[in-house]
Amino acid sequence: MDFALTESQELIKKEVSALARTFSLDYWRDKDDRAEYPHEFVRAFADNGWLGIMIDEQYGGAGLGVTEAALMLHEICASGAGTSGASPIHFYVFPPTPIIKYGTAAMKQKYLPKIAAGEIVMAFGVTEPNAGTDTSRIQTRAEKRGNRFVVNGRKVWTTNAQHANKILLLARTGDRDPAKPLRGMTLFFADLDRERISVRLIDKLGRAAVDSNEIVIDNLEVSEEDVVGAVGDGFYHLLDSLNPERIVIGIEAVGIGRAALDRAVQYAKERIVFDRPIGKNQAIAHPLAHAAAELDAAEMMCLKAGWLFDHGRQCGREANAAKLLAAEAGWNACDAALQTFGGFGYAREFYVERLWREIRLYKIAPVSQQMALNYLSEHVLGLPRSY
């Protein structure tokens with residue numbers, strides 16, 4: 001086994017870290033306070049060629065793998081940007097995957113260069129208020145009319161909809177068949193037409209800089225040319241991007257945990273109480289040391305899952321375990337960091353509380369810890385399906 005990163009992978013870590021750290025913790029605190037999208041940050045990554053990291057070179061990307069994308073997102077989070085910085089870049093990694101794999105040559109030529117250049121801001125419309133995790137029960141419908149589809153319905157937790165000009169949208173094009181409940185759904189790369197889509201901002205716990213929304217779709221017309229892959233197989237086209245998303249989400253959580261841990265360790269060295277640095281006390285030192293060990297282990301699982309995916313091997317077990325373990329490790333690290341600061345950890349000026357709020361999302365999305373455990377229970381241990 002070779003656990004060493006390649007020279008190019010080490011260079012990715014170095015260059016991304018340097019670029020991400022040109023944006024200070026005050027920048028991210030201000031974006032969070034103002035609930036303001038980090039346009040400058042995204043533009044810097046676009047100008048330096050990072051947005052197309054997984055897009056083929058012929059379309060203006062770097063043509064690299066999930067492992068390289070994961071390393072990039074880890075360094076963004078480890079810089080202190082947290083989910084506020086990772087999510088906008090994440091949307092150039094995960095949502096384009098079905099287009100890269102299943103889009104027509106014309107679709108790829110039309111859209112992928114613009115995605116790689118940051119000229120397209122994407123939203124992602126799958127989750128619905130009455131379906132939740134049971135995607136087979138979505139109610140958004142797309143009816144064929146001539147050479148176009150007309151879409152009506154609602155989506156919730158649609159990220160980026162305040163700023164997006166395109167949306168990757170899953171809709172039913174056929175009735176739900178209980179024998180094959182996940183068939184009959186189609187994936188569209190549609191214009192986010194604000195005359196046909198109303199957008200309502202959701203006020204939420206963390207990541208205020210990146211918007212989450214409920215959208216209502218009223219007679220949105222989508223051309224046949226903007227169908228991604230085969231009509232009726234949209235859910236299965238999404239499946240190919242679910243493992244990569246779990247991998248990069250997992251390593252983002254590791255990066256956020258490391259950013260919080262770094263601040264806590266420095267504070268524990270400098271903070272003097274009872275004539276000694278608080279880091280000398282095992283009640284402070286041991287939770288931080290345990291958090292560091294958990295983060296290291298979670299990172300290894302993320303990188304193993306990424307290696308398997310990039311080498312065309314099955315990685316459902318590893319991707320779900322990576323997401324599960326990394327979300328827990330990231331949360332534990334941020335919580336231990338906040339506790340290290342004591343009362344100051346509760347104050348925004350020490351920056352840790354934002355990371356603590358943001359890391360909580362990773363135990364819920366893009367799949368809950370319980371659903372990851374359901375996968376491992378059924379598909380790894382062979383236990384009866386529980387739902």
Using only atom types and a distance under 3.5 Å, with no angle test, would you say the side chain of [X] pairs donor to acceptor with the backbone of [Y]?
X	Y	result
Asn152	Asn219	yes
Arg357	Leu205	yes
Lys304	Glu299	no
Asn165	Val121	yes
Ser24	Tyr27	yes
Asn213	Trp157	no
Asp310	Gly65	no
Asp218	Ile197	no

So, [X] versus [Y]: side-chain donor-acceptor pair below 3.5 Å or not?
X	Y	result
Arg137	Asn130	no
Arg176	Ser136	yes
His74	Glu252	no
Ser87	Arg207	yes
Thr140	Glu128	yes

(message) Taking the six-membered ring for Trp, are Trp28 and Phe41 closer than 6.0 Å centroid to centroid?
(response)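 Ring-ring flag for Trp28/Phe41: true, centres closer than 6.0 Å.
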Beyond-backbone contact of [X] with [Y], side-chain heavy atoms, under 4.5 angstrom:
X	Y	result
Ile278	Tyr267	yes
Phe45	Tyr92	no
Leu64	Met54	no
Pro98	Leu238	yes
Leu25	Arg354	yes
Val228	Leu168	yes
Leu187	Val227	no
Arg360	Trp331	yes

(request) Hey, could you give me each pair passing side chain to side chain donor-acceptor pair (under 3.5 Å) that has a residue in residues 277-292? Not counting sequence neighbours. (result)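 Passing the test, one end in residues 277-292: Arg276-Asn281.
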(message) Considering only residues two or more places apart or on different chains, which pairs with a residue in residues 193-204 satisfy side chain to side chain donor-acceptor pair (under 3.5 Å)?
(response)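 Sorted result for residues 193-204: Arg200-Glu214.
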Would [X] end up clustered with [Y] when hydrophobic side chains under 4.5 Å apart are linked, directly or stepwise?
X	Y	answer
Val126	Val199	no
Ile215	Met122	no
Leu192	Ile217	yes
Leu325	Met300	no
Met107	Phe149	no

Find the distance between [atom1] ([X]) and [atom2] ([Y]) and round it off to the nearest 0.5 Å.
X	Y	atom1	atom2	answer
Ile12	Leu5	CD1	CG	9.5 Å
Ser368	Asn374	OG	CG	7.5 Å
Ile55	Ile100	CD1	CD1	5.0 Å
Asn160	Ile167	CG	CD1	10.0 Å
Leu381	Leu383	CG	CG	5.0 Å
Leu220	Leu169	CG	CG	7.0 Å

(request) Run through Lys31, Glu36, Glu358, Arg29 and flag the one making a side-chain hydrogen bond (donor to acceptor under 3.5 Å, both in side chains) with Ser84. (result)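 Passing option: Glu358.
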(request) Mind telling me whether His163 and Tyr37 have parallel, tilted or perpendicular rings, with 30° and 60° as the class edges? (result)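 Taking His163 first and then Tyr37, their aromatic rings sit tilted (interplane angle of 30° to 60°).
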(message) Can you tell me how the ring of Phe124 sits relative to the ring of Phe94, calling it parallel under 30°, perpendicular over 60° and tilted otherwise?
(response)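 Aromatic pair Phe124/Phe94 classed perpendicular.
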(message) As a quick check of understanding, evaluate salt bridge (charged side-chain N to carboxylate O under 4.0 Å, His left out) for Asp226 and Arg148, giving each step before the final call.
(response) CA-CA 9 Å; Asp226 286 334; Arg148 308 183 75 78; over 6 Å; no
(request) Go through the steps for Ser241 and Thr97 under the test side chain to side chain donor-acceptor pair (under 3.5 Å), then give the verdict. (result) CA-CA 6 Å; Ser241 58; Thr97 303; 5.3 Å; no
Between [X] and [Y], is there a side-chain N and carboxylate O pair less than 4.0 Å apart?
X	Y	answer
Glu224	Lys144	yes
Lys180	Asp177	no
Lys14	Glu10	no

(request) Could you work out the complete set of other residues in the hydrophobic cluster of Val367, with links drawn between I, L, V, M, F, W and Y side chains under 4.5 Å apart? (result)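 Val367 shares its hydrophobic cluster with Met371, Tyr387.
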(message) Going by salt bridge (charged side-chain N to carboxylate O under 4.0 Å, His left out), name the pairs with one or both residues in residues 92-113, residues two or more places apart or in two chains.
(response)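 Applying salt bridge (charged side-chain N to carboxylate O under 4.0 Å, His left out) to every pair that reaches into residues 92-113, excluding sequence neighbours, yields Lys101-Asp240.
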(request) Could you list all the salt bridge (charged side-chain N to carboxylate O under 4.0 Å, His left out) pairs where at least one residue sits in residues 319-339, not counting sequence neighbours? (result)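 Sorted result for residues 319-339: Glu328-Lys363.
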(message) Go through it in stages, so that I can follow the logic: the residues are Glu143 and Arg141, the test is salt bridge (charged side-chain N to carboxylate O under 4.0 Å, His left out), and I'd like the CA-CA distance, side-chain angles, deciding distance and then a yes or no.
(response) CA-CA 6 Å; Glu143 296 183 5; Arg141 300 284 304 196; 5.7 Å; no
(request) Give a yes or no on this: more than 12 heavy atoms of other residues, nucleotides or ligands lie within 6.0 Å of atom CD of Gln162. (result)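 Enclosed: over 12 neighbouring heavy atoms sit under 6.0 Å from CD of Gln162.
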(message) Could you tell me if Arg183 sits above the aromatic ring of Tyr236, with its cationic atom closer than 6.0 Å to the ring centre and no more than 45 degrees from the axis?
(response)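 Yes, a cation-pi geometry.
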(message) Given Arg348, which partner from the list Asp32, Asp26, Asp30 fulfils the salt bridge (charged side-chain N to carboxylate O under 4.0 Å, His left out) test?
(response)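 Running salt bridge (charged side-chain N to carboxylate O under 4.0 Å, His left out) over Asp32, Asp26, Asp30 with Arg348 returns exactly one hit, Asp32.
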(request) Using the test side-chain hydrogen bond (donor to acceptor under 3.5 Å, both in side chains), find all partners of Thr340 that sit at least two apart in sequence or belong to another chain. (result)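 For Thr340 there are no side-chain hydrogen bond (donor to acceptor under 3.5 Å, both in side chains) partners, ignoring immediate neighbours.
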